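Comments concern the structure below.
Labels below follow one simple rule: chain letters A, B, ... track the order of the sequence lines, proteins then strands, and each chain is numbered from 1. Everything quoted here is computed from the prediction, not taken from an experiment.
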There are 2 protein chains.
Amino acid sequence: MSNDHKHDHRHDLSTLTRNQAFVFETLQNAKAPMSAYTILDELRDDGFRAPLQVYRALDKLVEMGLVHRLESLNAFVACDHPEGDPHGAIAFAICEDCGQVDEFADDEIVARLGNWAKTKKFRLDKTIIELRGTCETCANA
Amino acid sequence: MSNDHKHDHRHDLSTLTRNQAFVFETLQNAKAPMSAYTILDELRDDGFRAPLQVYRALDKLVEMGLVHRLESLNAFVACDHPEGDPHGAIAFAICEDCGQVDEFADDEIVARLGNWAKTKKFRLDKTIIELRGTCETCANA
DNA sequence: GCCAATATGTAATAATATAACATTTTGAGA
DNA sequence: TCTCAAAATGTTATATTATTACATATTGGC
């Protein structure tokens, strides 16, 4: 059985620490995924000086489910889901052109992967689904 | 429509260049995914001296469909499929413990993702599905 | 207030990946 | 076979992403 549900959005934003809040806000304002180092550069003026400050905040935010890491980009996005709406595995569609990310869930896919895991007795911790391509807008441009 | 089928196993192994053959053989003999730098270290004795020699061979091998890149590991594995058996998107189940990778296909999942893309008019170039967890053997150990 | 857990600051370094440029090899067609 | 363009290779330097190690500060339950 998957435990992707482990990290719900139980976390009140007011419980974020100073650094976590800065990083989260930066990601929320971003139009596309950001690398840790890009975030760092944006936060120099707010007293950030080292990568670890960003990585540590990101670790927590991902753990809380407020931020997602895009493995195929080595970058991060703020979660798109309505506050407090917990979810299982999510798929990301990433436009190579404009960088925009569309986040969606498909229960049937999650179920099929869970089933495969069950059959193989594979203990599933984390599911990564990323689609790379071109969004409608960029395809028409 | 996905064009994940673009890179079939049309490529005769005899068409591999010297460097490609070395890298491919190294991956085929490996029990777990290898990073580019680990491959480089294994091939020092065969005249490899720089990362680019490995990355360039990997690029071609991935293009040919003989090797897969695991995005969540920044590592590479030799394709597991019988020679000449073309395939669409593949899922990888990666054991965090022993590193072994189980490669599988699920047409229904591919279809659903393709459908999502069609609906959103997203031009799908590449599908990444990676399951992180613990394999049966390691779970019992 | 005490103290343990958590968060932060900072420097150094490790791990992964690409840019830029020179040279060599390969293979299709004249 | 010769030619020449495409592909592959060699090499140095550098960019990008991520972690280790250690010191200090803050927070919150008791």
Side-chain angles (χ1 to χ4, degrees), chain A residues 11-27 30 32-64 66-77 94 96 99 128 130 132, chain B residues 7 10-27 30 32-64 66-77 94 96 99 128 130 132:
Chain A
H11 300 266
D12 194 320
L13 291 185
S14 67
T15 71
L16 295 184
T17 66
R18 176 191 147 86
N19 285 3
Q20 287 161 16
F22 269 123
V23 170
F24 186 49
E25 197 193 349
T26 302
L27 282 176
M34 295 180 78
S35 79
Y37 280 78
T38 309
I39 295 169
L40 175 58
D41 285 342
E42 290 242 330
L43 292 175
R44 295 264 180 213
D45 293 343
D46 298 302
F48 278 60
R49 333 221 67 215
L52 209 47
Q53 295 176 294
V54 177
Y55 279 111
R56 287 200 279 225
L58 286 170
D59 281 351
K60 291 297 177 185
L61 291 166
V62 168
E63 208 174 89
M64 293 173 190
L66 293 173
V67 164
H68 302 297
R69 177 187 168 87
L70 300 175
E71 298 291 345
S72 68
L73 287 181
N74 296 327
F76 302 84
V77 285
I94 303 163
E96 313 269 7
I128 295 150
E130 298 181 14
R132 307 289 300 260
Chain B
H7 305 304
R10 269 189 283 286
H11 299 265
D12 194 319
L13 291 185
S14 66
T15 71
L16 295 184
T17 66
R18 176 189 146 88
N19 286 3
Q20 288 161 15
F22 269 123
V23 170
F24 186 49
E25 197 192 350
T26 302
L27 282 176
M34 296 179 79
S35 78
Y37 280 77
T38 309
I39 294 169
L40 175 59
D41 285 341
E42 290 241 331
L43 291 175
R44 295 262 180 215
D45 292 343
D46 297 303
F48 278 60
R49 332 217 80 217
L52 254 197
Q53 293 176 295
V54 177
Y55 280 110
R56 287 201 277 226
L58 286 171
D59 281 351
K60 290 298 176 187
L61 291 166
V62 167
E63 207 175 273
M64 292 174 191
L66 293 173
V67 164
H68 302 296
R69 178 188 168 87
L70 300 175
E71 298 291 346
S72 67
L73 287 181
N74 296 328
F76 302 84
V77 286
I94 302 163
E96 312 270 7
I128 295 151
E130 298 180 13
R132 306 290 300 261

Between atom CZ in B:Arg49 and atom C1' in D:dA13, what is the gap in whole Å? 16 Å

With sequence neighbours excluded, tell me which residues meet side-chain contact (heavy atoms from CB on, under 4.5 Å) with A:Asp46. A:Phe22, A:Leu43

State which residues pass side chain to side chain donor-acceptor pair (under 3.5 Å) with B:Asn74; sequence neighbours excluded, sorted by chain then number. B:Arg69

Contacts of A:Ala50 and A:Lys60 projected onto DNA chain C by closest heavy atom; the upstream (5') one is A:Lys60

By side-chain contact (heavy atoms from CB on, under 4.5 Å), which residues pair with A:Glu42, not counting sequence neighbours? A:Thr26, A:Met34

Going by salt bridge (Lys or Arg N to Asp or Glu O under 4.0 Å), name the pairs with one or both residues in residues 14-27 of chain B, residues two or more places apart or in two chains. none

Students should find that the end-to-end axis angle of the helix from C:dG1-D:dC30 to C:dA30-D:dT1, with five pairs defining each axis and rounding to 10 degrees, is 40°

note: B:Leu43, atom CG; D:dT9, atom C1'; distance rounded to Å ~ 15 Å

Side-chain (B:Glu130) to main-chain (B:Ile94) donor-acceptor, under 3.5 angstrom: no

Just to verify, what does B:Leu52 make a side-chain contact (heavy atoms from CB on, under 4.5 Å) with, not counting sequence neighbours? B:Tyr55, B:Arg56

Is there a side-chain polar atom (N or O) of B:Gln53 under 4.0 Å from OP1 or OP2 of D:dT9? no

Drop me the distance from B:Thr17's OG1 to B:Leu61's CG, to the nearest 0.5 angstrom. 8.0 Å

Partner residues of B:Glu96 under the side chain to side chain donor-acceptor pair (under 3.5 Å) criterion, sequence neighbours left out: B:Arg132

Residues in side chain to side chain donor-acceptor pair (under 3.5 Å) with A:Gln53, at least two apart? none

Where does the chain B footprint on DNA chain C start and end, counting 5' to 3' with a 4.0 Å heavy-atom cut-off? C:dT16 to C:dA20

Starting from P on D:dA8, measure out to CG on B:Leu61 and report it in whole angstrom. 11 Å

When you check every protein heavy atom under 4.0 Å of nucleotides 16-30 of chain D, what one-letter string (B, S, -) results, 5' to 3'? -BBBBB---------

Quick one: are B:Phe48 and B:Val23 in side-chain contact, heavy atoms under 4.5 Å? yes

A:Asp59: what forms a salt bridge (Lys or Arg N to Asp or Glu O under 4.0 Å) with it, not counting sequence neighbours? none

